[in-house]
Undergrad: 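Supplied in structure tokens, the structure appears directly below.
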Amino acid sequence: MNKLMVESINEHMDEIIERWIARMKEEKGERFFHFMPDHLVEKTSREFAELMTSNIMETNSIDSNKLNDFTEKVVRFGWSIKFVNKAIDNFSFVVFGLLEDKGIINTGNLRRFLETFTIWISPLRESIIDAYSTEWERTVSLQKIALQELSASLIPVFDKISVMPLVGTIDTERAKLIMENLLEGVVSQRAEVVLLDITGVPVVDTMVAHHIIQAADAVRLVGAKCMLVGIRPEIAQTIVALGINLHDFTTKSTLQKGMQAALAMTNREIVEVHGE
């Protein structure tokens, strides 16, 4: 890359970063540069500038450590892929404008500098987008695992009585996790009655019902009783319309009614005690 261009960018880096931040603040829907502390904005902006210029020398090699560190950080900050692209475009625009202001780029060498910018920015953009995509997929995968674990927990509420609240769509992968947590929880908590609460499950189709029936059968095999609660009217209609057989275990419309039935199964009840 043109030596004079490299020297000019390094010499005026502070001004480039200042102009770049100003342009980023003008982006529609921008939140990071307006709401984050100034010192964090400055630090992140400088890291981005260092990443953008890491392949500026003739070697054209991109610093992989800077690349991975930065993409991990901006994914955590909530930058979208569109916003990352805008950041790259704005940095390129700011550098080009500054070099024009300093007289480094003029009408005589404009074409050559445009070619130089293409050689500089294009592979850099590709590397940043690839690294961002990889980090985003990794983050989403970790969040999905964490959410699945949190949304399939067996909770002991009374001695011998446990509840598993189910929220969201139940697919085959999640059904397997529910089964594992259910069986492990029944044994470790010594539960005699387990309530599967489907209040938060938006749709109960044949496949979901199949998974629930399998879970109930597995619970019975380890010596506990399974009760399905949270059956809303629309869910009841769907189950009847699909011809799904739920006769083998108890069903209740609400968790409260299910809890009362579970207490009765364990020879207990909740009574109101009046003070003297």
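The chain is numbered in sequence order, starting from 1.
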Undergrad: Could you give all pairs that pass the salt bridge (charged side-chain N to carboxylate O under 4.0 Å, His left out) test and reach residues 227-244, with sequence neighbours left out?
TA: Arg232-Glu234
Undergrad: Run Trp20 and Phe33 through ring-ring contact (aromatic ring centres under 6.0 Å, His included) and show every step you take.
TA: CA-CA 11 Å; Trp20 179 74; Phe33 289 88; 5.5 Å; yes
Undergrad: Not counting sequence neighbours, which residues clear side chain to side chain contact (heavy atoms under 4.5 Å, CB included) with His34? List them please.
TA: Lys25, Glu30
Undergrad: What pairs with Asp159 under salt bridge (Lys or Arg N to Asp or Glu O under 4.0 Å), at least two apart in sequence or on another chain?
TA: none
Undergrad: Which residue pairs pass the salt bridge (charged side-chain N to carboxylate O under 4.0 Å, His left out) test with at least one member in residues 94-106, sequence neighbours excluded?
TA: Glu15-Lys102, Arg19-Asp101
Undergrad: Do side-chain atoms of Asn109 reach the backbone of Asn106 as a donor and acceptor pair under 3.5 angstrom?
TA: yes
Undergrad: Please list, chain by chain and in numerical order, all residues satisfying side chain to side chain contact (heavy atoms under 4.5 Å, CB included) with Glu47, sequence neighbours excluded.
TA: Lys43, Phe70, Lys73
Undergrad: Does Ile88 form a side chain to side chain contact (heavy atoms under 4.5 Å, CB included) with Leu124? I'd like the steps, not just the answer.
TA: CA-CA 9 Å; Ile88 297 170; Leu124 185 63; 5.9 Å; no
Undergrad: Would you please name every residue forming a side-chain hydrogen bond (donor to acceptor under 3.5 Å, both in side chains) with Thr266, sequence neighbours left out?
TA: Arg268
Undergrad: Who passes side chain to side chain contact (heavy atoms under 4.5 Å, CB included) against Glu42, sequence neighbours left out?
TA: Ile21, Arg46
Undergrad: List the steps and the verdict of side chain to side chain contact (heavy atoms under 4.5 Å, CB included) for Phe117 and Leu99.
TA: CA-CA 12 Å; Phe117 263 71; Leu99 293 178; 4.1 Å; yes
Undergrad: Side chain to side chain contact (heavy atoms under 4.5 Å, CB included) with Glu26: which residues, sequence neighbours excluded?
TA: none
Undergrad: Taking distance alone, no hydrogens or angles, what donor-acceptor pairs closer than 3.5 Å link side-chain atoms of residues 186-198 to residues at least two apart or in another chain?
TA:
residue: Ser188; atom: OG; partner: Glu184; partner atom: O; Å: 3.0
residue: Ser188; atom: OG; partner: Gly185; partner atom: O; Å: 3.3
residue: Gln189; atom: OE1; partner: Ser162; partner atom: OG; Å: 2.5
residue: Gln189; atom: NE2; partner: Leu154; partner atom: O; Å: 3.0
residue: Asp197; atom: OD1; partner: Thr199; partner atom: N; Å: 3.1
residue: Asp197; atom: OD1; partner: Thr199; partner atom: OG1; Å: 2.5

Undergrad: For Asp89, enumerate each residue passing the salt bridge (Lys or Arg N to Asp or Glu O under 4.0 Å) test, keeping only those at least two apart in sequence or located in another chain.
TA: Arg125
Undergrad: Do the ring planes of Trp79 and Phe83 sit parallel (below 30°), tilted (30 to 60°) or perpendicular (above 60°)?
TA: perpendicular
Undergrad: Salt bridge (Lys or Arg N to Asp or Glu O under 4.0 Å) for Glu115 and Arg112? Distances and angles first, verdict last.
TA: CA-CA 5 Å; Glu115 293 174 353; Arg112 183 164 58 89; over 6 Å; no
Undergrad: Please identify each residue that fulfils side-chain hydrogen bond (donor to acceptor under 3.5 Å, both in side chains) with Glu27, with sequence neighbours left out.
TA: Asn90
Undergrad: I'd like to know if the side chain of Thr139 reaches the main chain of Glu135, judged simply by a donor and an acceptor atom lying under 3.5 Å from each other, with no hydrogens or angles considered.
TA: yes
Undergrad: Just grab all the salt bridge (charged side-chain N to carboxylate O under 4.0 Å, His left out) pairs involving residues 211-226, residues at least two apart or on different chains.
TA: Asp217-Arg220
